[in-house]
Amino acid sequence: MDTPTPDSQRAALEALYAEMRPQSLYPLWEVLHALVTPQPGTAARAWRWDYASAREYLLRAGGMISAEQAERRVLILENPGLAGTSAITNSLYAGLQLILPGEVAPCHRHTQSALRFVMEGEGAHTAVDGERAVMRPFDLVLTPNWQWHDHGNDSASPMIWLDGLDIPTVRFYAASFAERMGGEHPATAAAGDTAARYGRNLRPFLGSAAARRPQAQPLFHYPYAEWRESLGLMARSEMPDTALGHALEFRNPADGGPVMPTISAHVRLLPSGFATRPRRATDGTVFVVVEGSGQALVDGVAHSLAPRDLLVVPSWAELVLEAGSELVLFAYSDRAAQEKLGLFREA
Ligand code: 1HN
């Protein structure tokens, strides 16, 4: 509770502050309540992006600048409450990337971790440390911290995916490093090699060609065909969770934990007509509508949901999801990081 300051005291304090300011000294008691809030507060807002219009701008950019020239041809999904930060939540970044037939996005690596979630197109690839993941709609592909990656499109149609990165997190720690190789990484393995060795509850018994992959993070491709089948089977065999619907988290087979140290990802299925109970969580979350339609009520404000729409829900906002037809969502957040730091809460 703020104690009122008498005018004489206020004048004396202001004079003190003015003297201290040139020495970069400030009174905590003037800002304490704004620093340590009883509940999370963020300038980030809930926002929905219509995929069709974002796609149209991206294709127009595609006619003006090459992937090679741009390094990465991406439209940033910037949270309107975080203008100028390139952030979609306080800790995360999102963008829509286009690779046209015949193009290559040159090889580089950085300390930012990334995921790709395919929005449209089929047959283009991301190569991670020289192994290609050939991508289909709604596949999840990872490029963890410091792994070389390039993208190419040998198919006949444009390929668009969502990039999710921990750029604001790495910026917060002032820990960004990047290197450029250019062109494409020399091939190190056939496409699918890592998935065969690590993606089926197996791992190489002895050292193998797959030892090129980091032991702590071997798997980087989670195909739609696989996660969708699992989610469908789950939905047929039990009642949906009241807060989440049916939900499956993508995991790192090396430790059973989230896919990357800073980013968690999961998928949800809400049966036709199902509505979740209101839920809040400290991890601001980016959603992609994979199938179906419905609406999201974020702090009571409705956002309609149609296939490929994108929605960001800020930390501690109250979320109710209502499925019209059976609704399938992909989501990513910084829950992985918050759990390690002992910060994650939900209600
Ligand atoms: C990046 O490396 C990619 O590899 C996409 O496709 C978006 C945004 C900022 C920094 C690096 C990519 C990125 C990025």
Side-chain angles (χ1 to χ4, degrees), residues 49 54-55 57-59 61-62 65-79 82 84-121 123-137 139-155 158-185 214 217 220-222 259-263 265 286 288 310 312 330 332 334:
W49 286 265
R55 173 185 196 274
Y57 287 117
L58 190 53
L59 290 171
I65 185 167
S66 70
E68 178 80 35
Q69 194 190 0
E71 180 91 12
R72 295 294 186 263
R73 192 204 288 110
V74 179
L75 297 187
I76 298 167
L77 307 179
E78 185 182 73
N79 192 298
L82 304 173
T85 65
S86 301
I88 190 160
T89 69
N90 293 77
S91 61
L92 297 172
Y93 157 103
L96 287 171
Q97 177 160 183
L98 168 67
I99 302 267
L100 291 168
E103 285 192 322
V104 168
C107 190
H108 69 195
R109 64 178 175 178
H110 37 69
T111 48
Q112 289 82 1
S113 296
L115 60 77
R116 329 279 166 202
F117 189 73
V118 179
M119 304 296 288
E120 68 172 87
H125 63 268
T126 287
V128 182
D129 287 334
E131 181 187 333
R132 290 181 175 190
V134 179
M135 295 190 276
R136 296 187 175 73
D139 282 6
L140 173 67
V141 174
L142 312 178
T143 55
N145 174 329
W146 209 240
Q147 298 188 15
W148 291 110
H149 54 285
D150 50 84
H151 315 294
N153 187 349
D154 303 327
S155 84
M159 181 103 185
I160 297 176
W161 61 74
L162 175 73
D163 289 315
L165 287 90
D166 56 3
I167 289 169
T169 301
V170 176
R171 180 166 58 204
F172 174 78
Y173 290 111
S176 177
F177 291 90
E179 287 181 355
R180 193 173 193 278
M181 176 182 290
E184 292 180 282
H185 193 291
Q217 185 96 57
F220 63 95
H221 190 187
Y222 299 75
V259 284
M260 292 185 288
T262 49
I263 307 180
V286 179
V288 180
L310 299 122
V312 60
F330 166 80
Y332 71 97
D334 66 5

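The structure displayed is predicted, hence computed values, not measured ones. Remember, it's 1-based here, ligands and their atoms both numbered in the order they're listed.
Looking only at heavy atoms of the protein, atom 7 (C) of ligand 1 is closest to Asp163 OD2, 3.7 Å. Here the protein heavy atom with the shortest distance to atom 10 (C) of ligand 1 is Ile167 CD1, 3.8 Å. Scanning all protein heavy atoms for the shortest distance to atom 14 (C) of ligand 1 gives Leu165 CD2, 3.9 Å.
Residue Trp161 has no N or O atom closer than 3.5 Å to an N or O atom of ligand 1. The N/O atoms of His151, backbone and side chain alike, include one that comes under 3.5 Å of an N/O atom in ligand 1.
Close approach of ligand 1 to Arg116 (heavy-atom distance below 4.0 Å) involves ligand atoms 3 (C), 4 (O), 5 (C), 6 (O), 12 (C). The ligand atoms of ligand 1 that sit less than 4.0 angstrom from a heavy atom of Gln97 are 5 (C), 6 (O), 12 (C). Residue His110 approaches ligand 1 through these ligand atoms, each under 4.0 Å from one of its heavy atoms: 1 (C), 2 (O), 11 (C).
Here OG1 of Thr126 is found 4.5 Å from CH2 of Trp161. Values are rounded to the nearest 0.5 Å. The distance from the CG atom of Asp166 to the OG1 atom of Thr111 is 8.0 Å, given to the nearest 0.5 Å. Separation of atoms OH (Tyr332) and CG (Leu140) is listed at 11.0 Å; rounding is to 0.5 Å.
Among the candidates Leu165, Ile263, Val312, the single residue satisfying the side-chain contact (heavy atoms from CB on, under 4.5 Å) test with Leu92 is Ile263.
His149 and His151 have tilted rings, their planes meeting at an angle from 30° to 60° on a 0 to 90° scale.
The two residues Trp148 and His185 make their nearest non-hydrogen contact at CB-CD2, 3.6 Å.
The backbone N or O of Ser91 sits less than 3.5 Å from a side-chain atom of Thr169, completing a donor-acceptor pair.
Proximity annotation for atom 3 (C) of ligand 1: of Arg73, Gln112, Arg109, Arg72, Arg72 comes nearest, heavy atoms only.
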